[in-house]
2 protein chains.
Amino acid sequence: MEDVVRALGYATLGSRLKRIGEKLQAQTQDLAGELAGTGLPTPHNPVLAALDRQGPLSIGDLAKALGQSQPGITRMINKMKSEGLVSVTSLEQDRRVSTVALTEAGRHLVDHLKATLWPAVSFAVADACAGLDGPLLQQLDQLEAALTEQSLSTRQTGQPLPDWDTLDLETRS
Amino acid sequence: MEDVVRALGYATLGSRLKRIGEKLQAQTQDLAGELAGTGLPTPHNPVLAALDRQGPLSIGDLAKALGQSQPGITRMINKMKSEGLVSVTSLEQDRRVSTVALTEAGRHLVDHLKATLWPAVSFAVADACAGLDGPLLQQLDQLEAALTEQSLSTRQTGQPLPDWDTLDLETRS
DNA sequence: CCTCATAACATAACAAGTTATATAACACGA
DNA sequence: TCGTGTTATATAACTTGTTATGTTATGAGG
C-alpha cells in the first residue's frame with residue numbers, strides 16, 4: 001500500500017510533519033513509561049522545561065515561549081496545577097496576569113527528568129537522526145524509516161546518561 | 001522571549017515537527033480559501049488524493065495509505081460522505097469491508113483542486129523550502145523562519161500553474 | 001453445523017491543538 | 001472620574017488525532 005502522504009511530497013508536507021511529530025511523541029511517551037515511571041504527558045515536558053529555564057512565567061509568556069496559543073496553555077496549566085506540579089498566583093501589580101511557577105513537587109520532578117528522561121530522549125532522537133542527510137524531504141524519509149525500524153526505547157544504550165544541564169550544546173542542537 | 005521548543009533541540013523534536021506541521025496546514029487552509037473558495041479542511045486533501053491515485057479503497061487501506069489510525073479515517077470519511085464527496089458501499093464478497101469511492105461531486109472537486117490548490121501548495125511550499133540546507137534541526141529553523149516571514153499565500157507568483165498530473169516528479173519530491 | 005478465533009469497521013472517550021468570544025483589570029483622555 | 005479602548009486570561013465549541021472496546025461478518029476445526 002503506497003504511502004500517499006510521503007508520495008505527495010511538498011503538497012502534504014504539513015500532514016507529514018505532524019505525523020512524524022506524533023510518532024516521536026508516542027515513542028517518547030513509551031520511553032517515559034520505562035524510564036521515569038511518571039505518567040507525565042509528553043506535551044507537558046516543554047512546559048516544565050520552560051519554567052525551569054526561565055523561572056516563573058505568565059500564561060502569555062509561556063504561550064510565546066512554546067509557540068502555541070494561549071487557551072491551550074491555560075488548559076495545560078490547569079491540569080498541571082491539579083496535579084500539583086505548578087502553582088498559579090495572580091500578580092500584585094496587575095491582577096490580570098497570573099504567574100505560573102513550579103511547586104516543590106514540580107521542581108523535584110524536573111530534577112528527576114533532567115537526570116533521566118530528558119537526556120535519554122535527546123540521545124535517542126539524536127541517534128535516530130544520526131546520518132540524516134540531504135534535502136528536507138529526504139531527511140524526513142530517512143527519519144521516518146529509522147523510527148519505524150527501531151523505536152526510541154530500543155535506542156537506549158544503557159550507558160550512564162549525562163545530566164541535562166551538562167549536555168546542553170552538545171547533543172541538543 | 002526565548003523559543004524553548006526550538007532551544008531544546010532533539011529533546012523536543014516531536015513538538016517541533018507538530019508545530020511546524022500545524023503552521024503549514026493553517027497556511028494551506030488560508031491559501032485554499034483564497035484560491036479555491038472551497039471550505040475543504042486541509043486534512044481531507046490527502047484522502048481525496050489517495051482515492052484519486054488508487055481508485056476506490058477500503059477504510060483499512062485508506063488508513064494504511066495515509067499512515068493514520070482506522071477510527072480517524074472512519075470519522076473523516078463519514079464527514080466527507082455527509083458532504084457528498086465520497087460514497088461508501090459494503091463489499092459483496094465480504095460485507096465487513098466498506099469501499100470508499102469518489103462521487104461525481106468528489107471527482108469534480110478533485111479535478112478542480114488538481115488545477116488550482118494542489119500545484120499552488122506544492123510550489124509555495126517548495127519555495128519556502130528552497131535554499132534549506134544542513135542537518136535536520138537547522139533546516140527546521142530555516143523553514144520555520146521562512147514561514148513566519150512570508151506566508152504561503154504571499155508566495156503565490158500569479159504565474160500560470162501547471163496541472164497536478166504534469167508536475168509529479170518535478171516539484172513534488 | 002456449531003463454536004470460536006480473527007478481521008473490519010464503528011463507537012466512545014480522551015488529548016491537545018485551534019479560533020472566537022466573554023470577562024475582568026488596567027490605562028488614559030475628556 | 002467616567003467612559004472607552006486595550007490587555008490578560010478564561011471559557012466554549014470545534015477539529016483531528018489517539019486508544020480501547022464493541023459489533024458484525026468471515027472462516028476454520030471438531
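Here is the naming used below: chain letters follow the sequence lines, and residue numbers restart at 1 for every chain.
At a cut-off of 3.5 angstrom, the base of C/dA8 holds no donor-acceptor pair with the side chain of B/Gln70. The base of D/dT26 lies outside donor-acceptor range of the side chain of B/Arg96, with no N or O pair under 3.5 Å.
In this structure, A/Ser69 reaches the bases: a heavy-atom distance under 4.0 Å links it to at least one base atom across the strands shown. Residue contacts for B/Pro41: at a heavy-atom cut-off of 4.0 Å it reaches the sugar-phosphate backbone alone, with no base atom in range. Heavy atoms of B/Arg75 sit under 4.0 angstrom from at least one base atom. In this structure, A/Gln68 reaches the sugar-phosphate backbone alone: every heavy-atom distance under 4.0 Å involves primed, P, OP1 or OP2 atoms, never a base. B/Lys79 comes within contact range of the sugar-phosphate backbone alone, with a heavy-atom separation under 4.0 Å but no base atom that close.
Dashed line: the shortest gap from a side-chain N or O of B/Thr74 to OP1 or OP2 of C/dC9 is not under 4.0 Å.
When the P atom of C/dA27 is taken as reference, atom CD of A/Gln93 falls 11 Å away, rounded to whole Å. For the pair A/Ile59 CD1 and D/dT7 C1', the interatomic distance rounds to 14 Å; values are reported in whole Å.
Look at A/Lys64 and B/Glu2 and you find no salt bridge, because none of the NZ, NE, NH1 or NH2 atoms lies under 4.0 Å from a carboxylate O.
Sequence order on DNA chain C of the closest nucleotides to A/Pro71 and B/Asn78 puts B/Asn78 first from the 5' end.
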